[in-house]
Colleague: 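Please read through the structure below; I'll follow up with questions.
Note on naming: letters A, B, ... go to the chains in the order of the sequence lines (proteins, then strands), and numbering restarts at 1 for each one. All figures in this text were calculated on a predicted structure; none of them were measured in a lab.
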Amino acid sequence: MSDKILMKGNEAAAEAAIIAGCRYYFGYPITPQNEIPEYMSKRLPEVGGTFIQAESETAAINMVFGASSTGARSMTSSSSPGISLKQEGISYLAAAQLPCVVINVSRGGPGLGNIAGSQGDYFQSTRGGGHGDYRTIVLAPYNCQELADLTLEAFDLADEYRMVVLILADGFLGQMSEPVVLPEPSGKKFNKDWAVGIGRKNKVASLILSPEDGLTKHNYVLKEVYDKVETEVRKYEEYMLDDADYLLCAYGSSARICKQAITELRNKGIKVGYFRPITLWPFPYDELLNASKGKKKILTVEMSLGQMVEDVKLAVNGSIPVDFYGIPGGMIPTPEAIIERVESYE
Amino acid sequence: MSDKILMKGNEAAAEAAIIAGCRYYFGYPITPQNEIPEYMSKRLPEVGGTFIQAESETAAINMVFGASSTGARSMTSSSSPGISLKQEGISYLAAAQLPCVVINVSRGGPGLGNIAGSQGDYFQSTRGGGHGDYRTIVLAPYNCQELADLTLEAFDLADEYRMVVLILADGFLGQMSEPVVLPEPSGKKFNKDWAVGIGRKNKVASLILSPEDGLTKHNYVLKEVYDKVETEVRKYEEYMLDDADYLLCAYGSSARICKQAITELRNKGIKVGYFRPITLWPFPYDELLNASKGKKKILTVEMSLGQMVEDVKLAVNGSIPVDFYGIPGGMIPTPEAIIERVESYE
Amino acid sequence: MRGKPVIYTEKCKGCELCIYSCPKDILRMSEDTNKKGVNYSMCIDESQCIACKMCAITCPDNVIEIVKFK
Amino acid sequence: MRGKPVIYTEKCKGCELCIYSCPKDILRMSEDTNKKGVNYSMCIDESQCIACKMCAITCPDNVIEIVKFK
Amino acid sequence: MSNEEIVYKKSPSMMERETHYCPGCTHGVVHKLIAESLDELGVEDAIVVAPVGCAVLIYDYMKLDGVEAAHGRAPAVATGIKRVLSDKIVISYQGDGDLLAIGLGETIHAANRGENITVIFVNNAIYGMTGGQMAPTTMPGQKTTTSQSGRMADDVGLPIRACELINTLEKPVYIERVSCHNGANILKAKKAIKKALLNQKEGKGYSFVEVLATCPTNWGLTPKKAYDWLEDTMIPYYPLGNFRDQEV
Amino acid sequence: MSNEEIVYKKSPSMMERETHYCPGCTHGVVHKLIAESLDELGVEDAIVVAPVGCAVLIYDYMKLDGVEAAHGRAPAVATGIKRVLSDKIVISYQGDGDLLAIGLGETIHAANRGENITVIFVNNAIYGMTGGQMAPTTMPGQKTTTSQSGRMADDVGLPIRACELINTLEKPVYIERVSCHNGANILKAKKAIKKALLNQKEGKGYSFVEVLATCPTNWGLTPKKAYDWLEDTMIPYYPLGNFRDQEV
Amino acid sequence: MLHEKIIFAGFGGQGVISAGKLLAIAAMKEGKEVSHIPSYGAEMRGGTANCAVVIADDPIASAIVHKPTICIVLNEPSLDKFEPLIQEGGVLIYNSSKINRKPVRTDITVYEVPCNDISESNGSIRAANMAAIGALLKVKPKLASLESMNTALYEGISERNHKHNPINIKVIEEGYKFIN
Amino acid sequence: MLHEKIIFAGFGGQGVISAGKLLAIAAMKEGKEVSHIPSYGAEMRGGTANCAVVIADDPIASAIVHKPTICIVLNEPSLDKFEPLIQEGGVLIYNSSKINRKPVRTDITVYEVPCNDISESNGSIRAANMAAIGALLKVKPKLASLESMNTALYEGISERNHKHNPINIKVIEEGYKFIN
Ligand SMILES: Cc1ncc(C[n+]2csc(CCOP(=O)(O)OP(=O)(O)O)c2C)c(N)n1
Ligand SMILES: Cc1ncc(C[n+]2csc(CCOP(=O)(O)OP(=O)(O)O)c2C)c(N)n1
Ligand code: SF4
Ligand code: SF4
Ligand code: SF4
Ligand code: SF4
Ligand code: SF4
Ligand code: SF4
Ligand SMILES: [Mg+2]
Ligand SMILES: [Mg+2]
């Protein structure tokens, strides 16, 4: 117990990044993620790193582009509107196969919206808000501990696959404090022969003019990486599914509420469990399909009008009915609402 | 025949916008859509309108926000990277329920990519590249005539539902010239009581701080509109489906190639037809499901690594197999490749 | 008696800026609090008020009106 | 004879800027075209060249080298 | 009492509603100067473009049309509005993060185009709304939540002077820096704001007024001490005065 | 012949490869000035950040590391690189659309932070790569594809002067405007570029060199006439010379 | 099964956020599940500050508390706001030094604690929040022990403020004793 | 069934893009399906300019032409580039005024036309593209008639350039006649 520290989600993520060896942070203030830049502005200089408060989110992601092109571990963070502004940059990073970590402590939208937590950015995160055929790994923690652990891991994943790794948290998770055991670095080493500044006259670029022998080929190179990630990186959690009649599917903060609803439903004699995707891309399609075998119905729960539910449908491909319960705009669903919905199935 | 004019797609779209009464254009140069701002810079002053070459795509979409908040018909256009930069603005427009038209003459991506036509922005267009729960109507023309017709109609749809309407064209369509009969304006009138500057002390805003009584409610208001659009606005074309064994599903430029492949396949005695979604959002799910009844297989054809194919799968929900053929990076699929794939089903 | 400040105390946020602005130094913060729970501004000697308006001009929250006697 | 320009004519894009830069006015465009299909620069009287390098400095395409005689 | 005359009261253009501003926040002062100026100029149908910043709700406090811009984009939004409604007064109200950081491009370009709008720039040397991060105008040595040992010029540069920057452009007709840290300065600020609005009314073109302001909350000072800090620290770096007045 | 000496040849830092530039395009001139300066300074491991603009492929023509930035973001990308590799020479090479339109925010802020980088600004008064649209530096009356009757200052403002704008900031150590429209000017341009790179090598800080350049293709002029137009039209508006040199 | 949903509310300067955090740390030290979240929602500026602390034996679903089981309110606007939200049978501790009116709910247990007076009589004008914590620990001893709270004071407060801890501890004890 | 995929190629200034456009307009006037697309791909600057025109009875799938049935090349680099791409049995018309080498393909029909000479001998240094069109219309009369081409010249060219049309028409006719 003694190494547990009560940490705010945002700060846990920031410290985990530092443990992962991230020494370059570029960001712009926006609630509810301000503790990340604030923490970094203090801590990075202490460990010999660099913090820059960029002039905008756009500048920040492009500073990450620069730092990452040298092979250094770097990151940025923001919240929904700021993440929208980074989409061009993310597409460029993906095209140039630069590794980096982007944290979205998402909030209620669209527009300026509000600063409460929300899951309205699922589409943007998993379907590439930017242009072109590309993917980013998307990790969705559901508590402060996992936020720290996944942030650490994100840097390894980014380096291993030379991809942008997006952490999709939400305002509740960012603002909440919970006991956290800070993770240990993996110690993994990665080849960065592609970086600039290492005496190889390397180029980091995404302009590939000729379609035939250029961009199309490059798209297939990227696809190969994505296919690899799809087989190698799928994270999820199953909870009380063995004997369950109904499967709840939820990620992040809404999965926590599902957990409570499950306890209460089981107290009432209704057998429910959950499947919690932790990688939103790659989405654990096969695993969810497997988990859904023999269940009567899936209820997808989101803090949105329904986005992940499409992936759930794609996973089960019509094999069992998929229902949806969600609440948008920065509200957190109540266990009661979930219980009521599930009871209606009986 | 005599009123047909040979027009470049980009210019046909621009002229159609002017016919629709659009008098405010804000944009930033980017290939392959430059003929739109260039045409507008010349034509708008002639009809008493305003053309501004904005300092960036971000500025352009926000100028549209301003003009649209007065109730005036306004638009912007760009190509993939520039559209990424507009995502925050589009989310704000959606949140504030401002009508406007955005044309994406998309190109090969991700990153700087190339300037050939591509369909790699389907996800971004239909799943909201911006943050939060919102939708934009997405229209996908497949020739210059339709590009003109849909641009005209886009302004009516935008005003009717107070939504952003995105025209998803591609570089080939934008650069190509074809015979076009310029469309007639619908003459429809729309209530714009919500606009500023009409003496009502109106506010156009998207900050809604309190989740409970604010943003969540507003999200449901938006959802109601979206639900309405989903019932009222679904466009698609069916071609030679009646007796077909196989259904090709494609939109825009790739649908044209499918048409040719169909002719050749039928010459070989293989019965094929196509379903061409014209509204990509709302996607004609039910109509596609209906059209797919009794077919053996669907082949989705895209100029990408596979994006619309997810909507096709969602539409048929496992009822028949869905295959995919695509080519990314600014290449156009050949009829031969499609024919070969379909022949492999026999 | 040239005038007086009319202070809408329930609206006062207690910033004290008016106090410092008054050339006659006749404004003070109350002991009591208003419904917002803050000490509010009050005039301790209206007879000295010269209706110079400085307090009102300074108040960021439009709490003070100035009345001039003819 | 102080020097001479060595013109890699196949690389010449035919912009003619070197022509105008030469103080001795000894550069001219060719009648022939190179493989690119453009008329290229050539020196019509090397004996007058003062090796001032202006043509080479001006050439945007690094077409010209200057040789100086000792 | 018939021998009483109200010589100062809340401007009719202000709403009754209380602001959400912290005690002593000078955004409230700038709001009322705008309202008073509009009233005095007889303008009833101005359109204010709100920034993303503490003043995001300005349209809730004044009787006018309001449009809320995305962070930093107010000048672009104002441009869009003004190009349609050329006879309406359009005001772009912005904080220092909004105007000089994320929105610098829009700021300079609207000024350079000479849009016939009025930009009111509230420079409080900090990001107020997000809780006190460093702004482009944060003073050297000033502690903020992202410059916890004080702004270090070596690393992040010196504060940007907006008026001086804009003064390199040809089209603006009026550029002035004022302060609102006491009655006398507030009165001068009012003059500048009114002039800037009058310019627009007369179709003269782009006017820019920078108002030095306080953020007691994030500066960690009482409102009065914030006044003093503004005077002692900011004014020497940001000299008050007129930079351009086309008529002069 | 042993009595011959090559006194001018392609700089070793230039690749053999031919550029894609139009005949007479001065991007080629600026490239070689950079290459020559690097060679003379003995720098073999510079990193050039390419803009989105005609010079997007600069890294294909010079023997150095290259990073291609998104349109307008070169100074931000250069900042990211330089903050990691503080001992490497980092060059941000940008056109006028890139540096003054979409990337103005990044330009000013990198300058204001005083990043120890060298910015080479190629001002050809037009968007070359996209086919000749109006740039922030397009001259009044100049016809472009988006100002087909000539740039009208009333509507879109006057050209922006980059050096003058940056000169309002405190941190830059070196700001100079040169031209490359004939041999004499090219030699001066070379001096400025070399100085700007030397400053970086010596850790002095941010240096900015604006090079007036031609775009014969989109100006619709022969390369020689483009020289003349630059001299007659641009130089009077964009005065050549040094704006700041910290040592002076 | 322990599952308390606690709201601390007061003015900005009254230290409700840190009081909540200290309580959470103390409970964490005892191996309980805890969460803490400051309100950062609708009210951007001014107004009341508050935070929610959940202390439970089981994993905590939501750190957001809509209907608290326990409320500690240090000023009147907070009483107005939160009194109606407390769950039936819940607990309300209010700072009678700063709140003039009496709570009206009769379906909850109400404790009147003159927090500022207790703080001041122990030599600090800033420890009213500590008095409230003391009272809370007496009312709900399962949340955390006084010892754990002492540990929390040293672990949860930055070193340079440890000098205030002797008084903080004193005030907590006095608050504890005040309830009987 | 008519389905010709035509590429016009040459230097920037040789008017290949507009020649293609005029041909497309002429064919359109006769009720045919047409498309025209300039190359705007890999080569950003310099090099050759070209455009693709498709003229067909049926709707046109792709305006992009990978393997042309007809090529009209006005300079040597274009010949180098496109000669290998022409479909077997296709047609190549090349500008012998500017191209020194002979085409090498033997599986296509090659027409040598001195376009610049024809243009110049009719009083214009700019109408080489018209000579090529004239030749093409003779070789492939189904594409469009000379009359439609004349109409196209007036509809497809901006008014201020109509003054050149008499010469253009003359050159087209001469090009037409050149083939026999
Ligand atoms: C794109 C985007 N980035 C960041 C934010 C968060 N944000 C809100 S206000 C603000 C800055 C406020 O500072 P300033 O403009 O100086 O205004 P003030 O509050 O000080 O008046 C920021 C960064 C946002 N809402 N949107
Ligand atoms: C986000 C984005 N917007 C627009 C473009 C299109 N674009 C490419 S280069 C360019 C401008 C080129 O002009 P300039 O910077 O002056 O460089 P030049 O070509 O004149 O050297 C533009 C607008 C793009 N690639 N990305
Ligand atoms: S009007 Fe002047 S004298 Fe009277 S109270 Fe106000 S500041 Fe003081
Ligand atoms: S200035 Fe206004 S708000 Fe502040 S104390 Fe005085 S009356 Fe109250
Ligand atoms: S070196 Fe000087 S003199 Fe010789 S050819 Fe070149 S420019 Fe002329
Ligand atoms: S300057 Fe260079 S490219 Fe131009 S004509 Fe002379 S040698 Fe040729
Ligand atoms: S945070 Fe600062 S700027 Fe915002 S309302 Fe409070 S005092 Fe004013
Ligand atoms: S378009 Fe202009 S800038 Fe670009 S290469 Fe050609 S001449 Fe140079
Ligand atoms: Mg501020
Ligand atoms: Mg340029």
Colleague: What part of A:Thr50 gets closer than 4.5 Å to chain F, counting heavy atoms only: side chain, backbone, both or neither?
Modeller: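 Side chain only.
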
Colleague: What is the distance from atom NZ of A:Lys201 to atom CE of F:Met62, rounded to the nearest 0.5 Å?
Modeller: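 Interatomic distance, A:Lys201 NZ to F:Met62 CE, rounded to 0.5 Å: 10.5 Å.
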
Colleague: Between F:Asp45 and A:Gly199, is there a donor-acceptor pair closer than 3.5 Å when you use the side chain of the first and the backbone of the second?
Modeller: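 The answer is no, because no donor-acceptor pair under 3.5 Å joins these two groups.
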
Colleague: Ignoring hydrogens, what is the shortest heavy-atom contact between A:Asn62 and F:Ala70? Give both atom names and the distance.
Modeller: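 A:Asn62 and F:Ala70 have their closest heavy atoms at OD1-CB, 3.9 Å.
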
Colleague: Looking at F:Glu202, I want to see if its CD is surrounded by more than 12 non-hydrogen atoms of other residues, nucleotides or ligands under 6.0 Å.
Modeller: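 Atom CD in F:Glu202 is packed in, count exceeds 12.
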
Colleague: Rounded to the nearest 0.5 Å, how far apart are NZ of F:Lys88 and OG1 of A:Thr70?
Modeller: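 Between atom NZ of F:Lys88 and atom OG1 of A:Thr70 there are 10.5 Å.
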
Colleague: Can you say whether F:Ala69 sits under 4.5 Å from chain A via the side chain, the backbone, both, or neither, judging by heavy atoms?
Modeller: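 For F:Ala69, backbone heavy atoms alone lie under 4.5 Å from chain A.
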
Colleague: Counting heavy atoms not belonging to A:Glu46, are there more than 12 under 6.0 Å from its CD?
Modeller: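 Counting neighbours around CD of A:Glu46, more than 12 heavy atoms of other residues, nucleotides or ligands fall under 6.0 Å, so yes.
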
Colleague: So which residue, F:Val84, F:Val52, F:Asp60, ends up with the most heavy-atom pairs under 4.5 Å with chain A?
Modeller: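 Heavy-atom pair counts peak at F:Val84.
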
Colleague: Using every non-hydrogen atom in the two residues, find where A:Ala59 and F:Ala76 come nearest and quote the distance to one decimal.
Modeller: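 Heavy atoms of A:Ala59 and F:Ala76 come nearest at O-CB, 3.6 Å.
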
Colleague: Given a strict heavy-atom distance threshold of 4.5 Å, which part of F:Val90 is in contact with chain A: side chain, backbone, both, or neither?
Modeller: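 F:Val90 has no heavy atom closer than 4.5 Å to chain A.
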
Colleague: Enter the distance from A:Tyr24:OH to F:Arg83:CZ here, rounded to the nearest 0.5 Å.
Modeller: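 Between atom OH of A:Tyr24 and atom CZ of F:Arg83 there are 10.0 Å.
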
Colleague: So for atom NZ, which belongs to F:Lys204, do other residues, nucleotides or ligands contribute more than 12 heavy atoms lying within a distance under 6.0 Å?
Modeller: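 Above 12, so yes.
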
Colleague: If I take atom CE from residue A:Met63 and atom CD from residue F:Glu106, how far apart are they, to the nearest 0.5 angstrom?
Modeller: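 Separation between the atoms: 7.5 Å.
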
Colleague: Determine whether a donor-acceptor pair (N or O, by modelled atom type, separation under 3.5 Å) exists between the side chain of A:Asn202 and the backbone of F:Asp65.
Modeller: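 No.
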
Colleague: Using non-hydrogen atoms only, which part of A:Arg200 is less than 4.5 Å away from chain F: side chain, backbone, both, or neither?
Modeller: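 Just the backbone, heavy atoms under 4.5 Å.
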
Colleague: Which value, rounded to the nearest 0.5 Å, describes the distance between F:His109 atom NE2 and A:Ile52 atom CD1?
Modeller: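 Output value for this atom pair is 12.5 Å.
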
Colleague: Nearest 0.5 angstrom please: A:Leu207 CG to F:Glu68 CD, how far?
Modeller: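 Here the rounded value is 5.0 Å.
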
Colleague: Inspect the surroundings of NZ in A:Lys192 and state if more than 12 heavy atoms from other residues, nucleotides or ligands are less than 6.0 Å away.
Modeller: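 For A:Lys192, atom NZ is crowded (more than 12 foreign heavy atoms under 6.0 Å).
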
Colleague: For atom NZ of F:Lys171, is the number of surrounding heavy atoms from other residues, nucleotides or ligands below 6.0 Å larger than 12?
Modeller: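 Above 12, so yes.
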
Colleague: Among A:Ala72, A:Ala96, A:Ser69, which has the most heavy-atom pairs under 4.5 Å with chain F?
Modeller: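 Winner by heavy-atom pair count: A:Ser69.
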
Colleague: Please check if the number of heavy atoms outside F:Glu44 that lie under 6.0 Å from its CD is greater than 12.
Modeller: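 12 or below, so no.
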
Colleague: Using heavy-atom distances under 4.5 Å, tell me whether A:Ile198 contacts chain F through its side chain, its backbone, both, or neither.
Modeller: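 When you check distances to chain F, only backbone atoms of A:Ile198 fall under 4.5 Å.
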
Colleague: Where is the tightest heavy-atom contact between F:Gly105 and A:Glu55, given as atom of each residue plus distance?
Modeller: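 Distance-wise, the nearest heavy atoms are O-OE2, 3.8 Å.
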
Colleague: Between chain A and each of F:Ile47, F:Asp87, F:Leu64, F:Val48, count heavy-atom pairs under 4.5 Å; write down the option with the most.
Modeller: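 If we count pairs closer than 4.5 Å to chain A, F:Leu64 comes out on top.
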
